[in-house]
Every structure is written in C-alpha cells, then in structure tokens.
Trainee: 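Please see the structure below; I have some questions.
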Amino acid sequence: GVEGKTTVPLLGDESGKLEALALGDYVRAKLGDGAGNVPRIPPYHIGGGLQWRSPMWDARVLAKYSGSHDDTANFETITAGFLNLDADVAIRPVATMPGFELAIAGTNLLNRDERNSVAFNKDVVLLPGRDVRALFRMKF
C-alpha cells in the first residue's frame, strides 16, 4: 500500500498563510494461496483542500473521495464510493489569550449516504450525516 499527505504553501506573511492540502491512500492485498482478495481492505481515498492559518483566524475546507469497494473478498458486498466535504473556521478573539478559541466545524456537509466499506454492518448502518458543531476550546 501507499499513503501520503502534503501541505503546500500558496501565500503567506506574518499576518497569515494560505496552504493547499492533498492526501491519498491505496492498499491492494491478495491471499498468498491465490484464493482471492484479503477481506476488509478499504478502497482508495483521495482528497484536497485549502486552509488559512493566522494568529487570529483559522479556516479549512477539505473534499475527500472514498473510492467504490468493488474488488472484494469472498462473502463481501460491494460498497459505493462517495465524496465527503468538511469545513471549519475558528477565531481567537483575545490576543492576550491565544489558547481561547471559538469555532464552527462541519462534517459531511453534502449530507451524502456514506458507508464504511470494511464494517461488518455496512449494509445496514450509514455513517453519520451532516453535522455542524459550535465549539469552545481552551488550551493552557
């Protein structure tokens, strides 16, 4: 298998920096005796996004595609691929307290039906739908 993640600076100075994100993984495994595929091997994932980091604000958007799981082992079922979109924004409103942060984070913003292709109950249970949370963080 192979897995990678990189962050590439696009713009930046002391006020903040804009970065591009890219990630992906792929695994291929077969049984040694030629009996087929190893069970519970996830499909490939590939994604990309942008993030802004500054002393006061952080923001990120990430799109990640999970490939269809159609190269299955015996007794496994096919799972459709899906596109997931996550985003978050955070502010540190008090300059003298950089560990105090307010944020809004959203996952599965497209509210697509998603299934964990390696879960035994994948044909019955969906992954969580759209989720948006308001967060308060305090680091000390």
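Hydrogens, waters and symmetry mates are skipped; everything else that's a heavy atom, side chains included, is used. This chain uses plain numbering: 1 for the first residue, then up along the sequence.
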Trainee: Side-chain heavy atoms under 4.5 angstrom apart, residues restricted to Ile, Leu, Val, Met, Phe, Trp, Tyr: same cluster for Val38 and Val2?
Mentor: no
Trainee: Taking a hydrophobic cluster as the set of Ile, Leu, Val, Met, Phe, Trp and Tyr residues connected by side-chain heavy atoms closer than 4.5 Å, whether directly or through intermediates, do Ile78 and Val125 fall within one such cluster?
Mentor: no
Trainee: Would you please name every residue forming a salt bridge (charged side-chain N to carboxylate O under 4.0 Å, His left out) with Arg130, sequence neighbours left out?
Mentor: none
Trainee: Determine, using the 4.5 Å side-chain heavy-atom cutoff (strictly less than), whether Leu83 and Leu62 are members of one ILVMFWY cluster.
Mentor: no
Trainee: Without placing hydrogens or testing angles, list every side-chain donor-acceptor pair under 3.5 Å for residues 6-16, not counting sequence neighbours.
Mentor:
| unit_1 | atom_1 | unit_2 | atom_2 | d |
| --- | --- | --- | --- | --- |
| Asp13 | OD1 | Ser15 | N | 2.8 |
| Asp13 | OD1 | Ser15 | OG | 2.4 |

Trainee: Could you tell me which residues satisfy salt bridge (charged side-chain N to carboxylate O under 4.0 Å, His left out) with Arg60, sequence neighbours excluded, listed by chain and number?
Mentor: Asp88
Trainee: For Lys30, enumerate each residue passing the salt bridge (charged side-chain N to carboxylate O under 4.0 Å, His left out) test, keeping only those at least two apart in sequence or located in another chain.
Mentor: none
Trainee: Among residues two or more places apart or on two chains, list those pairs meeting ring pair (Phe, Tyr, Trp, His ring centres under 6.0 Å) that have a residue in residues 7-31.
Mentor: none
Trainee: Indicate yes or no: at least one non-hydrogen side-chain atom of Arg40 is less than 4.5 angstrom from one of Glu76.
Mentor: yes
Trainee: Any side-chain heavy-atom pair from Asn37 and Asp71 closer than 4.5 angstrom?
Mentor: yes
Trainee: Do Leu126 and Leu109 sit in one hydrophobic cluster, given that two such residues count as connected whenever their side-chain heavy atoms are within less than 4.5 Å of each other, even indirectly?
Mentor: no
Trainee: Out of curiosity, Lys122 NZ to Arg115 CZ, how far, rounded to the nearest 0.5 Å?
Mentor: 9.5 Å
Trainee: Would you please name every residue forming a salt bridge (charged side-chain N to carboxylate O under 4.0 Å, His left out) with Asp131, sequence neighbours left out?
Mentor: Arg133
Trainee: Once side-chain hydrogen bond (donor to acceptor under 3.5 Å, both in side chains) is applied, do any residues pair with Asp86, and if so which ones, sequence neighbours excluded?
Mentor: none
Trainee: Once ring pair (Phe, Tyr, Trp, His ring centres under 6.0 Å) is applied, what residue pairs with a partner in residues 94-140 remain, sequence neighbours excluded?
Mentor: Phe100-Phe136
Trainee: Over all heavy atoms of both residues, which pair between Arg53 and Asp58 is shortest? Give the atoms and the distance, please.
Mentor: NH1-CB, 3.0 Å
Trainee: Check side-chain contact (heavy atoms from CB on, under 4.5 Å) between Ile104 and all other residues, then give those that pass, not counting sequence neighbours.
Mentor: Val89, Val132
Trainee: Is there any ring pair (Phe, Tyr, Trp, His ring centres under 6.0 Å) pair reaching into residues 72-94, and which pairs are they, with sequence neighbours excluded?
Mentor: none
Trainee: Any pair with a residue in residues 104-114 that passes side-chain hydrogen bond (donor to acceptor under 3.5 Å, both in side chains), sequence neighbours left out, goes on the list, sorted by first then second residue, please.
Mentor: Asn84-Glu114
Trainee: Please round to the nearest 0.5 Å and tell me the distance separating atom CE of Met138 and atom CD of Glu101.
Mentor: 11.0 Å
Trainee: Compile the donor-acceptor pairs under 3.5 Å between side chains in residues 41-50 and protein atoms, sequence neighbours left out, one pair per line.
Mentor:
| unit_1 | atom_1 | unit_2 | atom_2 | d |
| --- | --- | --- | --- | --- |
| His45 | ND1 | Asp25 | OD1 | 3.0 |
| His45 | ND1 | Asp25 | OD2 | 3.3 |
| His45 | ND1 | Pro43 | O | 3.4 |
| His45 | NE2 | Ser66 | OG | 3.4 |

Trainee: When you look at Val61 and Leu85, which way does the side chain to side chain contact (heavy atoms under 4.5 Å, CB included) test go after all the steps?
Mentor: CA-CA 7 Å; Val61 61; Leu85 181 65; 3.8 Å; yes
Trainee: Same cluster or not: Val118 versus Leu127, using hydrophobic residues (I, L, V, M, F, W, Y) connected whenever any side-chain heavy atoms lie under 4.5 Å apart?
Mentor: no
Trainee: Just by distance, with hydrogens left out, do Lys17 and Ser54 show a side-chain donor and acceptor under 3.5 Å apart?
Mentor: no
